[in-house]
Amino acid sequence: MKVIGFCGYSGSGKTTLVEQLVSRFRLAGQRVSVVKHAHHEFDIDHPGKDSYRHREAGAFEVLIASDRRLAKIREYELRADPTVHQLLSELYEVDWVLVEGFKHADVLKIEIWRAETGKPVQYPNDPYVVAIATDSADRLPQPTGLPLLDLNDPDAVTAFLLADPARYEYRSPSTTPSPRPPMLTLDEALARLLSAIRPLAETESVSTFDALGRVLVEGVCSGLDVPPQDNTSMDGYALRCADVPAAGTLLTVAQRIPAGHVGQPLQPGTAARIFTGAQVPPGADAVVMQEQCEAQGEQVRIGVVPQTGQWIRRRGEDVQRGAEVLARGARLTPQALGLAASVGAATLAVSRRPRVALFSTGDELVMPGQIAPDQMPPGAIYNSNRFTLRGLVQALGCECNDLGIVPDRLDATRDALRRAAQGNDLIVTSGGVSVGEEDHLRPAVQAEGRLDLWQIAIKPGKPLAFGEVRRADGSHASWFMGLPGNPVSSYVTFLLAVRPVLLALQGADTAMPRAIEMRADFDWPRPDRRREFLRVRRNATGGLDLFPNQSSGVLTSAVWGDGLVDNPSGQAIAKGIASPSCPLQNCCHEDPGALFRLHPRGARCGRDARTARGQQRGRRARCADRPRRSPRHRAGPRPGAAQRAEPEPVRGVGGAVRGCRTGLLPAGDRRLR
Ligand SMILES: Nc1nc2c(c(=O)[nH]1)N[C@H]1C(S)=C(S)[C@@H](COP(=O)(O)OP(=O)(O)OC[C@H]3O[C@@H](n4cnc5c(N)ncnc54)[C@H](O)[C@@H]3O)O[C@H]1N2
Ligand code: MOO
């Protein structure tokens, strides 16, 4: 049973609207009841009627029924003010109950307001108001993000309610959730996502040449030792240490061994001219680099006393025959491809590429090249998300099927979802997932499939949505992930949520980014209640600088930054605190793979049981050990500065290199902590 209330002052038109809605709901095949609040004098019974006579005689309830209708008249023995929930419990189970006039009831309701009544509005202070029906939208006394419905268009009000029936499902007060339930945490959302996703069943064998970014479904084992034999790491002379008791010893050069050639066993008192990578001849136990030797005709003068084993790379010192060099679930980075090739793997067994359909919603969007910057019509913007998201999808080894721009209309959005579901494993969209009435993604997904979650307590990226869209053949469904339209929000939510899903679909062993403990070189005194992901950049002293404008529309922050600080809800950051954070460099540039997370303030890796005050002191002391920062650095980051030095190795407080910490998840573990 779904319940929706209608509140508004008398004269606003509640009864007319409810009456109009009843008939429209009936036409839509819905059985409807009405609960109406009335003044205490109201009566529907009349003197002289049988029911009236029984009641006047003292009956507590009179139930009067025919083969057409039934009426129950109950006289309260004491004056009572029943709640809407008590009244609802009196009703027969129907599809919808329209509640008229319980202004302060804790049920979702539409506020009805006309400017001409001159009455105040209640939506600013009533979290149960889901929309405003008015004939004076331009004269609302307070701005609102709530949907505005035309009071004179009952069809539109009906469509609004029927678009999202699940929202109005009634639960008794003991189980009634607050009208705006607390948003899911990122960890809860990821747990739901990753427990739903199963790796794709199909695998394929691809040339090692073409396997970049793919995920192994079988480990790669080495059929040989690497290097396959002892070889020299320098151009020089192979010799026997026993033959060179002192610097300046002369040896006869008896043979010449370029890389790829095999020499003869080394005779006592001789040396072999040898080149980097060439196999060291049997009998030789050291190589002396040519800079320390002097060739003299057929002989060579050895300028140093060699150490046994010097400049010799031992057989199997990198990989031993039979060892697994790459495990199932490993993502194939360029260096992993090199390693696979080094053990002779010409083909690799990998997961099929996930097929990802991508579309952007928004009437304001135009493509670069379609309209020149100086010709842009008012209100238009270039579609940047399409480029960012497409690049991220492709960097994760996935096929991107780009469906372009979809207008802000429910029918167009539903149509795009239906097309996107055909043949794709995942549909990724940007824009249209927030609360405005131009945001059609959620109702469209509900109509074409199922919405499993919406809104996560993160900033940026709150309106992230996840669900599935049915395919026309009814056999399978496509996963759906709706990303917010703000460019930084869609970028960050891709990294936090879509990336793990795409990796999980491919069976990757690590779906979540790792975090590295870093030091904040900035203050962040006014944190959000949502967990924040701040765009930061590592500086030359091993700390993090903050991009000054953290707005979710400022895409320059994501290009300037090389990492995100994962700041827990409500946590202020003071300069100098140690903070696990994630390098975006790993996350989204060369290898889309890691995030920074700030440590709880003062927690110092959880290894230190000192008091918070002690931690503060300790922090200051450690910070005093830090290398001096340059004047430029002290002046803070320079947004937009085109050139920058390569990032320094990541250092923790006090300058010591810290190992990678596990971030959202332990490495190799897709479960949530
Ligand atoms: N009343 C409320 N309003 C908003 C809320 C809220 O909770 N209550 N949430 C805000 C948050 S947080 C976000 S994030 C945005 C997300 O909204 P949508 O996902 O519906 O995105 P749009 O409204 O379509 O667009 C937002 C913004 O991004 C620009 N955009 C959209 N697509 C692209 C694209 N492909 N390339 C570049 N820029 C794009 C668009 O023009 C808007 O400026 O909602 C807030 N509102
Ligand atoms: O989530 Mo929005 O992404 O805060 O701008």
Side-chain angles (χ1 to χ4, degrees), residues 123-124 127 129-132 140 142-148 179-184 186 189 358-368 370-371 376-393 402-410 412-413 416 428-445 451 454-466 480-498 527-535 549-559 564 567 569:
Y123 58 82
V129 175
V130 294
I132 299 160
L140 285 176
Q142 291 203 41
T144 177
L146 289 169
L148 299 178
R180 297 192 187 142
M183 278 181 271
L184 283 180
L186 178 63
L358 180 68
F359 66 82
S360 335
T361 68
D363 290 344
E364 72 276 33
L365 301 177
V366 297
M367 289 298 288
Q370 185 188 355
I371 300 179
M376 284 285 268
I381 59 162
Y382 286 120
N383 182 354
S384 60
N385 291 347
R386 187 172 178 185
F387 293 81
T388 309
L389 297 174
R390 180 185 162 94
L392 287 165
V393 165
D402 187 334
L403 303 184
I405 300 171
V406 172
D408 280 328
R409 288 196 329 264
L410 183 61
T413 312
V428 174
T429 65
S430 85
V433 278
S434 190
V435 294
E437 61 269 35
E438 294 295 329
D439 294 330
H440 298 297
L441 246 326
R442 285 187 306 125
V445 171
L451 196 65
W454 175 61
Q455 287 198 324
I456 301 180
I458 53 171
K459 185 179 179 179
K462 176 175 78 173
L464 179 72
F466 172 71
F480 162 81
M481 297 189 77
L483 312 188
N486 283 319
V488 181
S489 311
S490 66
Y491 170 67
V492 169
T493 47
F494 187 100
L495 296 177
L496 296 178
V498 182
D528 199 85
R529 278 163 52 191
R530 287 178 266 160
R531 177 172 165 185
E532 294 169 298
F533 291 89
L534 306 171
R535 273 74 68 209
N549 187 342
Q550 292 287 323
S551 157
S552 60
V554 175
L555 196 51
T556 39
S557 68
V559 175
L564 293 175
N567 194 40
S569 149

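For ligands, and for the atoms within them, numbers begin at 1 and follow the listed sequence.
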[X] versus [Y]: any side-chain heavy-atom pair under 4.5 Å?
X      : Y      : answer
Thr388 : Ser490 : no
Val393 : Val498 : no
Val488 : Asn486 : no

What distance separates Lys459 NZ from Leu534 CG, expressed to the nearest 0.5 Å?
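Spacing of NZ (Lys459) from CG (Leu534) equals 9.5 Å.
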Are the side chain of [X] and the backbone of [Y] linked by a donor-acceptor contact shorter than 3.5 Å?
X      : Y      : answer
Arg531 : Arg529 : no
Gln455 : Leu184 : no
Thr361 : Ser430 : yes
Trp454 : Gly482 : no
Asp408 : Asp363 : yes

Just list the N/O pairs, ligand 1 to protein, that are under 3.5 Å apart, with the distance for each.
unit_1, atom_1, unit_2, atom_2, d
ligand 1, 7 (O), Lys462, NZ, 2.6
ligand 1, 9 (N), Ser434, OG, 3.3
ligand 1, 19 (O), Gly432, N, 3.4
ligand 1, 19 (O), Val433, N, 3.3
ligand 1, 19 (O), Gly485, N, 3.0
ligand 1, 20 (O), Gly432, N, 3.1
ligand 1, 20 (O), Val433, N, 3.1
ligand 1, 20 (O), Ser434, N, 2.9
ligand 1, 20 (O), Asp439, OD1, 3.0
ligand 1, 20 (O), Asp439, OD2, 3.4
ligand 1, 21 (O), Gly432, N, 3.4
ligand 1, 21 (O), Gly485, N, 3.3
ligand 1, 24 (O), Gly432, N, 3.1
ligand 1, 28 (O), Gly485, O, 3.2
ligand 1, 28 (O), Asn486, N, 3.2
ligand 1, 28 (O), Asn486, OD1, 3.4
ligand 1, 30 (N), Gly485, O, 3.3
ligand 1, 35 (N), Asn383, OD1, 2.7
ligand 1, 35 (N), Asn385, ND2, 3.4
ligand 1, 36 (N), Ser384, N, 3.1
ligand 1, 36 (N), Asn385, N, 3.3
ligand 1, 41 (O), Glu364, OE2, 2.6
ligand 1, 44 (O), Ser434, OG, 3.3

TODO: Run through ligand 2 for me and note each protein residue having a heavy atom under 4.0 Å from it, chain first, then residue number.
DONE: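 Residues within 4.0 Å of ligand 2: Lys459, Pro460, Gly461, Lys462, Pro463, Asn486, Ser489, Arg530, Ser552.
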